[in-house]
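All ligand and atom numbering here is 1-based and tracks the order in the structure.
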Amino acid sequence: MEDHLRFSVVYWHTFRNRLSDPFGVGTAIRPWDDGTESVKNAQKRVCVAFEFMEKLGVPFYAFHDRDVAPEGANLKESNRKQERTGIKLLWGTACLFAHPRYVHGAATSCNADVFAYAAAQVKKAMDVTHALRGEGYVFWGGREGYYTLLNTDMKRELDHLARFLHMAVDYKKRIGFKGQFYIEPKPKEPTKHQYDSDAAACLNFLREYDLLKEFKLNLETNHATLAGHSMQHELEVAIAAGALGSIDANMGDLFLGWDTDQFPTDLYLTTQVMLSILKMGGLTTGGTNFDAKPRRESFEPMDLFYAHIAGMDTFARGLKIAAAIRKDGRLEEFLKERYSSWDTGIGAKIEKGKTDFGELEAYITKKGEANPNASGRQELLEALINGPGLIVKCRSAGALKTHAFSGIVPRSRCPPC
Ligand code: XUL
Ligand code: CO
């Protein structure tokens with residue numbers, strides 16, 4: 001489970017977020033943090049962060065350059081703490097969205113000097129990530145998008161973004177950084193429309209600008225739902241392109257239309273995520289990165305533990321249920337059967353590219369009608385998902401047995417019995 005889940009704590013929400021909202025100041029009680037930008041305070045924060053991660057038993061963390069500023073002092077301290085605890089850096093990134101200079105974007109700014117500033121900042125953030133032996137580096141397009149097309153040359157901005165990423169790839173090679181590069185899709189917030197809007201848009205962009213072999217995707221649940229997709233949809237799009245890298249594990253709220261970044265406590269969500277990840281064969285460089293924050297009302301230090309443990313337990317159970325569903329085999333069997341017309345005959349010929357419209361016309365004219373002739377069975381499959389992994393009691397051969405299996409088949413055909 002440890003190898004599959006690869007949990008990671010984020011520095012920004014867990015150690016820098018004061019839990020403010022647009023209507024009120026921060027409520028977080030963080031007795032170790034005096035709220036200043038002093039070196040002493042930053043070092044104290046590093047100590048608390050590593051103590052917290054050690055107590056949780058997580059193997060990774062992630063940061064933005066600005067979260068761990070002042071850089072110089074923190075680099076040494078972080079290196080020492082990594083050595084002592086064995087906790088590793090999952091990925092680093094640069095905050096190219098908070099400072100007013102990035103008001104019109106960074107790599108997609110209308111101003112070339114801003115592009116240059118962003119390049120210098122990413123160069124430094126990559127150096128720091130490399131020095132801390134980070135396993136990856138994330139590009140999330142904070143303000144790489146627009147509010148109105150009236151003032152935006154979209155094609156030019158996209159060309160600039162691609163140029164920026166090519167330069168990052170060149171620099172990566174120059175310094176010998178072997179970590180994985182990721183793009184993190186998000187459709188809106190802070191801009192109205194972001195260029196990296198969803199997995200498909202990112203893949204298209206990477207392909208168009210010949211960057212696909214250098215990047216994978218870091219997918220975040222709440223970003224998927226903001227884009228009008230499920231997380232599983234985004235995962236499957238990335239997996240189909242061989243480009244799923246890592247996940248930012250959180251969830252949104254059904255009734256709120258913004259990025260609430262809640263800790264993932266929904267078993268259906270984590271089960272779906274783990275089903276896709278297991279199908280892919282597991283994460284390699286990536287991890288389950290809790291890009292999540294406790295609610296403004298959960299302001300005590302202890303809530304940081306409760307929140308992470310809730311997320312970790314939900315993913316652990318999701319993994320167990322997903323593994324049980326795979327072991328059970330009925331979902332896979334159903335899918336295999338559903339597509340079986342492609343395995344032989346005309347289906348196999350189409351898949352192999354061994355036929356054409358003319359032959360297909362002759363084939364179907366002879367046959368007369370195409371009859372899909374099979375139900376999609378959505379409700380049955382949803383019931384099946386409810387089953388495996390749950391402990392059911394079943395009376396078998398006179399004795400009450402407990403086993404992990406679904407109760408949707410008649411008891412007489414219940415395989416464990
Ligand atoms: C913002 C977001 C970022 C990225 C890293 O919504 O998810 O924190 O993960 O910049
Ligand atoms: Co994120």
Colleague: Which bit of Glu189 gets closer than 4.0 Å to ligand 1, counting heavy atoms only: side chain, backbone, both or neither?
Modeller: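 Within the 4.0 Å criterion, Glu189 makes no contact with ligand 1.
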Colleague: Please determine whether a side-chain nitrogen of the Lys or Arg among Lys155 and Asp159 lies less than 4.0 Å from a carboxylate oxygen of the Asp or Glu.
Modeller: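 Salt bridge present between Lys155 and Asp159.
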Colleague: At a 4.0 Å threshold, what atoms of ligand 1 neighbour a non-hydrogen atom of Asp259?
Modeller: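 Per the distance check, 6 (O).
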Colleague: Under a 4.0 Å heavy-atom limit, does Asn222 contact ligand 1 with its side chain, its backbone, both, or neither?
Modeller: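 For Asn222, no heavy atom sits under 4.0 Å from ligand 1.
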Colleague: Check this for me - ligand 1, Asn218, N or O atoms closer than 3.5 angstrom, yes or no?
Modeller: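 Min N/O separation from ligand 1 is not below 3.5 Å for Asn218.
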Colleague: So, Glu234 and Lys186, do they make that salt bridge, N to O below 4.0 Å?
Modeller: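 No, no charged N to carboxylate O under 4.0 Å.
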Colleague: Counting C-beta onward and ignoring hydrogens, is there a side-chain heavy-atom pair between Met53 and Lys81 closer than 4.5 Å?
Modeller: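 They are not in contact (no side-chain heavy atoms under 4.5 Å apart), so the answer is no.
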Colleague: What angle sits at the Co ion (ligand 2) between OD2 of Asp248 and OE2 of Glu184, to 10°?
Modeller: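 Rounding to the nearest 10 degrees gives 100°.
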Colleague: Can you tell me which residue among Leu90, Leu56, Leu304, Asp291 is in a side chain to side chain contact (heavy atoms under 4.5 Å, CB included) with Val9?
Modeller: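 For Val9, the side chain to side chain contact (heavy atoms under 4.5 Å, CB included) test succeeds with only one of Leu90, Leu56, Leu304, Asp291, which is Leu56.
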Colleague: Does ligand 1 have an atom under 4.0 Å from some heavy atom of Val138?
Modeller: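 Val138 does not count as a contact of ligand 1 under the 4.0 Å cut-off.
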Colleague: Look at atom CH2 of Trp258 and say whether more than 12 heavy atoms of other residues, nucleotides or ligands are closer to it than 6.0 Å.
Modeller: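 Not more than 12 within 6.0 Å, no.
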Colleague: Can you tell which of Tyr11, Phe139, Trp91, Phe97 makes a ring-ring contact (aromatic ring centres under 6.0 Å, His included) with His64?
Modeller: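 One option only clears the test, and that one is Phe97.
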Colleague: Near His64, which atoms of ligand 1 are under 4.0 Å from a heavy atom of that residue?
Modeller: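 Taking each heavy atom of His64 in turn, ligand 1 has 5 (C), 8 (O), 10 (O) under 4.0 Å.
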Colleague: Does His223 reach ligand 1, in the sense of a heavy atom lying below 4.0 Å from it?
Modeller: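 A heavy atom of His223 does come that close to ligand 1.
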Colleague: Please could you name the atoms of ligand 1 that Asp248 approaches to less than 4.0 Å, counting only its heavy atoms?
Modeller: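 Near Asp248, the atoms of ligand 1 are 9 (O).
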Colleague: Glu220 to ligand 1: N or O pair under 3.5 Å?
Modeller: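 N/O-N/O distance under 3.5 Å: yes.
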